[in-house]
Peer 1: 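Below is one structure. I have some questions about it.
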There are 2 protein chains.
Amino acid sequence: MPQYIVQDSLADKVYNLIKAQILSGELKGGMVIPEEHLAQQFGVSRTPIREAIRRLAEYGLVVLKPRSHAMVYQFTEKQAHDTAKVRLALELLAIELLTPAMVTKHINELSRLAADCQYNLVVGNRAELFVKDSLFHLELVKCTENEALFSMYERLDSRIQLLRISKNFSDELLGNIIHQHLLIIQSLKNNDMPACRELMTKHVNHQM
Amino acid sequence: MPQYIVQDSLADKVYNLIKAQILSGELKGGMVIPEEHLAQQFGVSRTPIREAIRRLAEYGLVVLKPRSHAMVYQFTEKQAHDTAKVRLALELLAIELLTPAMVTKHINELSRLAADCQYNLVVGNRAELFVKDSLFHLELVKCTENEALFSMYERLDSRIQLLRISKNFSDELLGNIIHQHLLIIQSLKNNDMPACRELMTKHVNHQM
DNA sequence: GCAAATTTTCTTGTATACTAAATATGAAAT
DNA sequence: ATTTCATATTTAGTATACAAGAAAATTTGC
């Protein structure tokens, strides 16, 4: 039974391109993005653009005003705070669901991602650092093999990424945050779940 | 400043119609739904149908197979269980975030919805009972005024609704579940949050 | 000069037509 | 009869055209 490799549709590609532009700050919060404009920029028709924008809206990166226009999402302080609350709840659920076997299976990947974060901190590549940071947390959630949780977290993750770039963390704070990944990994290795919960709580709250 | 009343687009209407068909069981899990078929059924073109199906997929009620077809989502036992875990985590977060003032503000609406559930149980209208049950929990989450949490929970709610109709609860169990709403309300009135947490945990776990 | 109303322009919402991929059908070979 | 290959058919993906609503520009009245 051959495993067909389905190539991305234009809508998929465009979705990723626009998302990248938003998360890189090229498209800033509050900016209006007309479909035709994007269509010309990417050399495609409005149809795949519309689909991509709709999807971005579902992921909370874009806000739609019916019959009017699409706008890049802009956090208020409260919404940022609220998002962090949900994030913490989901990550704590993940920790609760983790078994030692799950940890063993994914610990190498987690360590690799944590190391990538530190590397990118050292070389000063924040964009890449944030990507790896997201991947670290996504991996942690993925460990639980709870699809419903993962897809929920994936959703939040888009917004968390948006949040990170708008926060302008100091190097020092960022160093602290990234270091906490190592502590979290250590607590997982020790199967010390109370410590892990506490570390994660600190970790998320530091970013609020 | 006038508050414009924007009427639903065809895509919105179709989205609601298809969603209703899925949640009523008219469209059963595993069924393939070709766009053209729905377009003819609703007397519109494929464009708004496509948008609606995409959205249903984002809400987890439909699964898309790229370049092939859309299918009504079908729970496995594990996925149902996993979903309940996430649900509980979000509802417990809601309870944690609730302040007495928030409770006071919404307690009447909560009571009304709980009563509606009981009424529909007595008259044997399960479809309506499930609608009110969902609304009860959505209202509870809405109390927290945490938009991020609410939109996450709203997402899960679609699937919880799908789950409920596939579960075929006994009248007795259902009576129990619905009665627990009253206990939850009472614990909120008493501002007894530990009790509320415990009741909610039982409430959700009874439905797994 | 300013405010309200009207017109114009721009943008989204929807239908339709076309393309290309996936599935179903049927014929040929074993 | 069964498998394999070629063909046909169906269906999703995309482009384009047009309709309708919202925003912007202009005109009109004071």
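Just so we're on the same page: letters track the sequence lines, and every chain starts at 1.
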Peer 1: Find the distance A:Leu38:CG to C:dT11:P and express it as a whole number of Å.
Peer 2: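 Taking atom P of C:dT11 as the reference, CG of A:Leu38 is at 12 Å.
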
Peer 1: Given D:dA15, C:dT11, D:dA12, identify the nucleotide with an atom nearest to the side chain of A:Pro34.
Peer 2: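 Selected nucleotide (nearest to the side chain): C:dT11.
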
Peer 1: Is A:Lys65 near enough to D:dA23 that one of its side-chain N or O atoms lies under 4.0 angstrom from OP1 or OP2?
Peer 2: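 Indeed, a polar side-chain atom of A:Lys65 lies that close.
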
Peer 1: For A:Phe42 and D:dA15, give me the distance from atom CZ to atom C1', rounded to whole Å.
Peer 2: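 Whole-Å distance recorded here is 17 Å.
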
Peer 1: Which part of the nucleic acid does B:Thr47 contact within heavy-atom distance under 4.0 Å: base, sugar-phosphate only, or nothing?
Peer 2: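 Counting heavy atoms under 4.0 Å across all strands, the contact made by B:Thr47 includes a base.
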
Peer 1: Provide, to the nearest angstrom, the distance between the CD atom belonging to A:Gln40 and the P atom belonging to D:dT16.
Peer 2: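 Whole-Å distance recorded here is 12 Å.
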
Peer 1: Starting at the 5' end of DNA chain D, which residue's closest nucleotide do you reach first, A:Pro48 or A:His69?
Peer 2: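 First, find each residue's nearest nucleotide; the 5'-ward one identifies A:Pro48.
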
Peer 1: Write down the distance between CZ (A:Arg46) and P (C:dG13), rounded to a whole number of angstrom.
Peer 2: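 In whole Å, C:dG13 P lies 8 Å from A:Arg46 CZ.
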
Peer 1: Could you check how far CE of A:Met71 sits from P of D:dA22, rounded to whole Å?
Peer 2: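 Interatomic distance, CE of A:Met71 to P of D:dA22: 17 Å.
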
Peer 1: Counting only heavy atoms not in B:Lys19, do more than 12 sit closer than 6.0 Å to its NZ atom?
Peer 2: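 Correct, the count exceeds 12.
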
Peer 1: Hey, does A:Ser68 reach any base, or is it just sugar-phosphate, or nothing, if we go heavy atoms under 4.0 Å?
Peer 2: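 The residue A:Ser68 makes sugar-phosphate contact but no base contact.
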
Peer 1: Would you mind reading off the distance between B:Glu36 atom CD and D:dA12 atom C1', rounded to a whole angstrom?
Peer 2: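 These atoms are roughly 11 Å apart.
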
Peer 1: Checking side-chain polar atoms at under 3.5 Å, does B:Arg164 have a donor or acceptor matched by the opposite partner on B:Ser134?
Peer 2: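 Distance-only check passes for B:Arg164 and B:Ser134.
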
Peer 1: Whole angstrom is fine here: how far is it from CD in A:Gln7 over to P in C:dA21?
Peer 2: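 The distance from CD of A:Gln7 to P of C:dA21 comes to 7 Å, rounded to the nearest Å.
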
Peer 1: Which residues pass the side chain to side chain donor-acceptor pair (under 3.5 Å) test with B:His203, not counting sequence neighbours?
Peer 2: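 Only B:His137, B:Gln180, B:His181, B:Gln207 meet the side chain to side chain donor-acceptor pair (under 3.5 Å) criterion with B:His203.
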
Peer 1: With a 4.0 Å cut-off, would you call B:Arg87 and B:Asp82 a salt bridge?
Peer 2: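 No salt bridge links B:Arg87 with B:Asp82.
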
Peer 1: Rounded to the nearest 0.5 Å, what's the gap from CG on A:Leu17 to CD1 on A:Ile22? Could you check?
Peer 2: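 These two atoms lie 11.5 Å from each other.
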
Peer 1: Can you find a side chain N or O atom of A:Arg67 that sits less than 4.0 Å from OP1 or OP2 on C:dT11?
Peer 2: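 It does not, given that no N or O in the side chain of A:Arg67 lies less than 4.0 Å from OP1 or OP2 of C:dT11.
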
Peer 1: Once you round it to whole Å, what is the distance between C1' of C:dA15 and CD of B:Glu51?
Peer 2: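 For the pair B:Glu51 CD and C:dA15 C1', the rounded distance is 14 Å.
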
